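Please read all numbers here as calculations on a predicted model, not as lab measurements.
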Amino acid sequence: QVQLVESGGGLVQAGDSLRLSCAASGRTSSTYAMGWFRQAPGKERDLIATISWSGRSTYYADSVKGRFTISRDNAENTVYLQMNSLKPEDTAVYYCAAAPGVLFASTPSRFEYWGQGTQVTVSS
């Protein structure tokens, strides 16, 4: 079991930046890929970024490519999502997720553990 806790969300203006953090605990000695998802009101939860266990491989959805950066610090069991040039359409609840026993994943079905989510609101 892996427990995930997100932090760093908030209310910002368009063009601003935010950095989300996701702290993992529990069975963190195992290898696992990590990802960030988001869910806007009335919409499905979408995968927006993933990172491999080593941190050398990443995946980004087209909607965030070039603006968001995912990174991880395995020594601290933490994954980050740096979000720049935020837009009102980035408003959503952001979730981190873990894919245990997986070195790299770019499909939502590989992720088994989820955090509780953190709200990001971008005003125009």
If we ignore hydrogens and angles and just use 3.5 Å, is the side chain of R67 paired with the main-chain N or O of S85 as donor and acceptor? yes
Could you check V102, T78, T50, L4 and say which one makes a side-chain contact (heavy atoms from CB on, under 4.5 Å) with M34? L4
Carboxylate-amine/guanidinium proximity below 4.0 Å for D90 and K87: no
Taking the side chain as every heavy atom from C-beta outward, state whether V120 and L20 have any atom pair closer than 4.5 Å. yes
Rounded distance (nearest 0.5 Å) linking atom CG of D46 with atom CD1 of I48: 8.5 Å
Show the numbers, then the answer: is there a side-chain contact (heavy atoms from CB on, under 4.5 Å) between Y113 and Y32? CA-CA 10 Å; Y113 300 109; Y32 50 97; over 6 Å; no
When rounded to the nearest 0.5 angstrom, what is the spacing between CG in N84 and OG in S17? 3.5 Å
If I compare all heavy atoms of P88 with all of A14, which pair ends up nearest, and what's the gap? CD-CB, 4.1 Å
Applying the 4.5 Å side-chain criterion to the ILVMFWY set and letting contacts propagate, would Y60 and V79 be lumped into a single cluster? yes
For the residue pair R38 and Y94, would you count it as a cation-pi contact if the rule is NZ or CZ under 6.0 angstrom from the ring centre and within 45 degrees of the ring axis? no
So if you build clusters from Ile, Leu, Val, Met, Phe, Trp, Tyr with side-chain heavy-atom gaps below 4.5 Å, do V12 and L81 land together? yes
Separation between SG (C22) and CH2 (W114), nearest 0.5 Å, reads 11.0 Å
To the nearest 0.5 Å, how far apart are CD in Q119 and CD in E6? 12.0 Å
Check for me whether the distance between the ring centres of F37 and F111 falls short of 6.0 Å. yes
Distance, nearest 0.5 Å, that separates OG of S25 from CG of N77: 8.5 Å
With a sphere of 6.0 Å drawn around CZ of R110, does it hold more than 12 non-hydrogen atoms of other residues, nucleotides or ligands? no
When you measure from the side chain of D73 to the backbone of E76, do you find a donor-acceptor pair of N or O atoms at a distance under 3.5 Å? yes
Report yes or no: does Q39 contribute a side-chain atom to a donor-acceptor pair with the main-chain N or O of V93 at less than 3.5 Å? no
Same cluster or not: are V2 and L103 linked, directly or through other Ile, Leu, Val, Met, Phe, Trp or Tyr residues, by side-chain heavy atoms under 4.5 angstrom apart? yes
L11-V122 co-clustered via ILVMFWY side chain contacts under 4.5 Å: no
Judged by atom type as modelled, is there a donor-acceptor pair below 3.5 Å linking the side chain of Q82 to the main-chain atoms of I70? no
When the aromatic ring centroids of W36 and Y95 are compared, is their separation below 6.0 Å? no
In the single-linkage hydrophobic clustering (I, L, V, M, F, W, Y; side-chain heavy atoms under 4.5 Å), do I51 and L47 co-cluster? no
With R19 as the cation and F68 as the aromatic partner, state whether NZ or CZ is under 6.0 Å from the six-membered ring centre and within 45° of the axis. no
Indicate whether any N or O donor in one side chain lies under 3.5 Å from an N or O acceptor in the other, for T91 and E89. no
